[in-house]
Amino acid sequence: MNIETAKYISNYYHRFFNDKENIAHRHINSLFKLDGEPESSPRYKIYKRKGWITTDKEALELIKNGETEFFINTANRILKEYENEIFLNNCPNCKKLARTPKARQCRHCGNKWFENGTD
């Protein structure tokens with residue numbers, strides 16, 4: 001699985017994350033928002049106090065090899081377990097993944113597949 005598909009699944013089907021994946025994902029997002037702030041900064045301490053920065057060993061194990069591997073592994077698990085509930089919206093023309101599950105215009109080739117022409 002490529003990172004584009006993994007991020008698509010993570011963004012639009014995050015309801016299938018398990019508890020540890022949710023903790024790890026929140027941790028990744030929090031570190032991104034903190035943008036390298038030191039652990040001694042007031043903002044970092046707030047994030048940690050609220051549980052957005054985690055010390056959960058199982059969650060941290062999921063992201064030990066970086067966020068790319070986390071997203072790919074998580075998306076593969078979700079796709080395997082919830083295959084019938086995941087809709088990969090591929091362009092009928094170029095077969096590449098659309099931006100969202102409801103998109104009707106391809107960001108890669110520009111193809112439009114509106115159902116009735118009035119969308």
Side-chain angles (χ1 to χ4, degrees):
M1 173 176 305
N2 63 37
I3 189 63
E4 179 186 13
T5 304
K7 289 274 193 151
Y8 176 97
I9 291 171
S10 294
N11 286 337
Y12 299 106
Y13 297 99
H14 55 85
R15 66 183 176 272
F16 298 126
F17 279 9
N18 63 35
D19 290 340
K20 297 301 179 180
E21 290 164 345
N22 270 318
I23 293 168
H25 188 247
R26 185 172 49 240
H27 184 85
I28 288 169
N29 285 339
S30 296
L31 289 178
F32 176 78
K33 290 176 183 178
L34 287 168
D35 193 29
E37 284 189 36
E39 291 184 29
S40 60
S41 77
R43 198 164 155 228
Y44 190 98
K45 289 177 182 178
I46 290 169
Y47 274 52
K48 194 164 188 176
R49 187 176 67 240
K50 290 189 175 267
W52 299 337
I53 300 289
T54 190
T55 56
D56 185 299
K57 291 179 182 174
E58 291 177 57
L60 292 172
E61 182 69 21
L62 294 173
I63 58 176
K64 72 177 182 180
N65 294 323
E67 69 177 70
T68 299
E69 186 172 311
F70 165 75
F71 283 117
I72 290 172
N73 290 341
T74 301
N76 277 325
R77 182 197 61 78
I78 290 170
L79 196 56
K80 181 181 175 187
E81 292 179 18
Y82 299 97
E83 180 180 3
N84 294 330
E85 298 179 58
I86 304 296
F87 173 60
L88 297 177
N89 186 11
N90 293 308
C91 171
N93 184 49
C94 73
K95 309 298 183 218
K96 291 185 180 177
L97 193 60
R99 191 174 309 273
T100 72
K102 294 182 178 182
R104 295 292 177 248
Q105 182 172 350
C106 182
R107 65 180 158 159
H108 301 285
C109 72
N111 181 45
K112 297 175 186 173
W113 60 98
F114 302 141
E115 292 177 359
N116 60 17
T118 62
D119 290 336

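These numbers come from a predicted model, not from an experiment.
Judged by distance alone, with hydrogens and angles left aside, the side-chain atoms of Ser30 form a donor-acceptor pair with the main-chain N or O of Trp52 at under 3.5 Å. Side-chain atoms of Tyr8 come within 3.5 Å of backbone atoms of Asn89 as a donor-acceptor pair (strictly under, hydrogens ignored). Distance alone, capped at 3.5 Å, places no donor-acceptor pair between the Glu69 side chain and the Gly66 backbone. Without hydrogens or angle criteria, Ser41 side chain to Pro38 main chain gives a donor-acceptor distance under 3.5 Å. With Asn73 contributing its side chain and Leu62 its backbone, the two residues share no donor-acceptor pair below 3.5 Å. Listed for the Tyr12 side chain is no donor-acceptor partner under 3.5 Å among the backbone atoms of Leu88.
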For this session: Could you walk me through whether Lys7 and Glu67 pass the salt bridge (charged side-chain N to carboxylate O under 4.0 Å, His left out) test, one step at a time?
Result: CA-CA 10 Å; Lys7 289 274 193 151; Glu67 69 177 70; 3.7 Å; yes
For this session: Before giving the answer on salt bridge (charged side-chain N to carboxylate O under 4.0 Å, His left out), spell out for Arg77 and Glu21 the whole-Å C-alpha distance, their side-chain angles and the decisive distance to 0.1 Å.
Result: CA-CA 11 Å; Arg77 182 197 61 78; Glu21 290 164 345; 2.5 Å; yes
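When the side-chain contact (heavy atoms from CB on, under 4.5 Å) test is applied to His14, the partners found at least two apart in sequence or on another chain are Phe17. Remark: Lys33 pairs with Arg43, Tyr47 by the side-chain contact (heavy atoms from CB on, under 4.5 Å) rule, at least two apart or across chains. Residues passing the side-chain contact (heavy atoms from CB on, under 4.5 Å) test with Pro42, sequence neighbours excluded: none.
At least one side-chain heavy atom of Asn111 sits under 4.5 Å from a side-chain heavy atom of Pro92.
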